[in-house]
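Any value given below was found using the heavy atoms of this structure, including those in side chains, with hydrogens, waters and symmetry copies removed. Bear in mind the structure is a predicted one, so any value in this text is a computation, not a measurement.
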Amino acid sequence: MNFRSLEDFWVFYMNQHTKPCTRRWHFIGTLFSIILLLCSVLLSWWFLFLVPFSGYECAIYSHLFVEGNFPSTFRYPFWSVLCNFKMFGFMITGNMDREIKRLGKRPVLQMF
């Protein structure tokens, strides 16, 4: 597939993240990555090695065992990272349900 814009990929990305539990695992992984990035700046640069692993472990687990699909990160790494942070932003501000409705999906309860 060729995506012409971030919005085009966003629709595909959200179709790969239909279950709330999958999005929660992504949220946890992204949060851990941000915390480890801050630790690498404040404490030691060695924490940088853990940043990608904390995020990807949670994401891969959620895709394989919760969502039942294959992570799009391997095929579209740049777009996936951007959309992951976009999803994180919607979740942290409490706007994920509104975005799901906008995309025509069934609303779900938010834990985060």
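The cluster map of Ile, Leu, Val, Met, Phe, Trp and Tyr, joined by side-chain heavy atoms under 4.5 Å apart, puts Phe85 and Leu48 in different clusters. Linking ILVMFWY side-chain heavy atoms closer than 4.5 Å, directly or via other members, places Phe88 and Tyr76 in a single hydrophobic cluster. Under a hydrophobic clustering in which Ile, Leu, Val, Met, Phe, Trp and Tyr are joined whenever their side-chain heavy atoms come within less than 4.5 Å, directly or via other members, Phe53 and Tyr56 fall into different clusters.
The CE atom of Met91 sits 9.5 Å away from the CG atom of Asp97 when rounded to the nearest 0.5 Å. Between the CZ atom in Arg102 and the CG atom in Asn95 there is a gap of 11.5 Å [rounded to 0.5 Å]. Rounding to the nearest 0.5 Å places CG of Asn15 at 10.0 Å from CG of Asn69. In this structure, Trp79 CH2 and Asp8 CG are separated by 8.0 Å, a value rounded to the nearest 0.5 Å. Here the straight-line distance linking atom SG of Cys83 with atom CD of Gln16 works out to 11.5 Å at 0.5 Å rounding.
Glu67 and Ser62 share no side-chain donor-acceptor pair at under 3.5 Å.
Using a 4.5 Å heavy-atom threshold, the side chains of Arg75 and Ser72 count as separate. Residues Phe90 and Ile100 are not in side-chain contact: their nearest non-hydrogen atoms beyond the backbone lie 4.5 Å or more apart.
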Where do Tyr13 and Leu82 land on the side chain to side chain contact (heavy atoms under 4.5 Å, CB included) test, with the steps shown first?
-> CA-CA 10 Å; Tyr13 188 81; Leu82 289 177; over 6 Å; no
Can you check side chain to side chain contact (heavy atoms under 4.5 Å, CB included) on His17 and His63, steps first, answer last?
-> CA-CA 8 Å; His17 298 81; His63 280 286; 3.1 Å; yes
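Smallest separation of non-hydrogen atoms from Glu7 and Leu103: OE2-CD2, 4.3 Å.
Alongside Trp45, the hydrophobic cluster contains Trp46, Phe49 (criterion: ILVMFWY side chains under 4.5 Å).
The closest donor-acceptor contact from the side chain of Lys86 to the backbone of Trp10 lies at 3.5 Å or more, if one exists at all.
Aromatic ring pairs are classed by plane angle as parallel below 30°, tilted from 30° to 60° and perpendicular above 60°; the pair Phe12 and Phe9 is tilted.
Under the 6.0 Å cut-off for aromatic ring centres, Trp25 and Phe65 do not qualify, their centroids lying 6.0 Å or more apart.
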Cut-off 3.5 Å, no hydrogens considered: what does the side-chain donor-acceptor table look like for residues 27-42, sequence neighbours left out?
residue: Thr30; atom: OG1; partner: His26; partner atom: O; Å: 2.8
residue: Thr30; atom: OG1; partner: Asn84; partner atom: ND2; Å: 2.7
residue: Ser33; atom: OG; partner: Gly29; partner atom: O; Å: 3.0
residue: Ser33; atom: OG; partner: Val51; partner atom: O; Å: 3.0
residue: Ser33; atom: OG; partner: Ser54; partner atom: OG; Å: 3.0
residue: Ser33; atom: OG; partner: Gly55; partner atom: N; Å: 3.3
residue: Ser40; atom: OG; partner: Leu37; partner atom: O; Å: 2.6

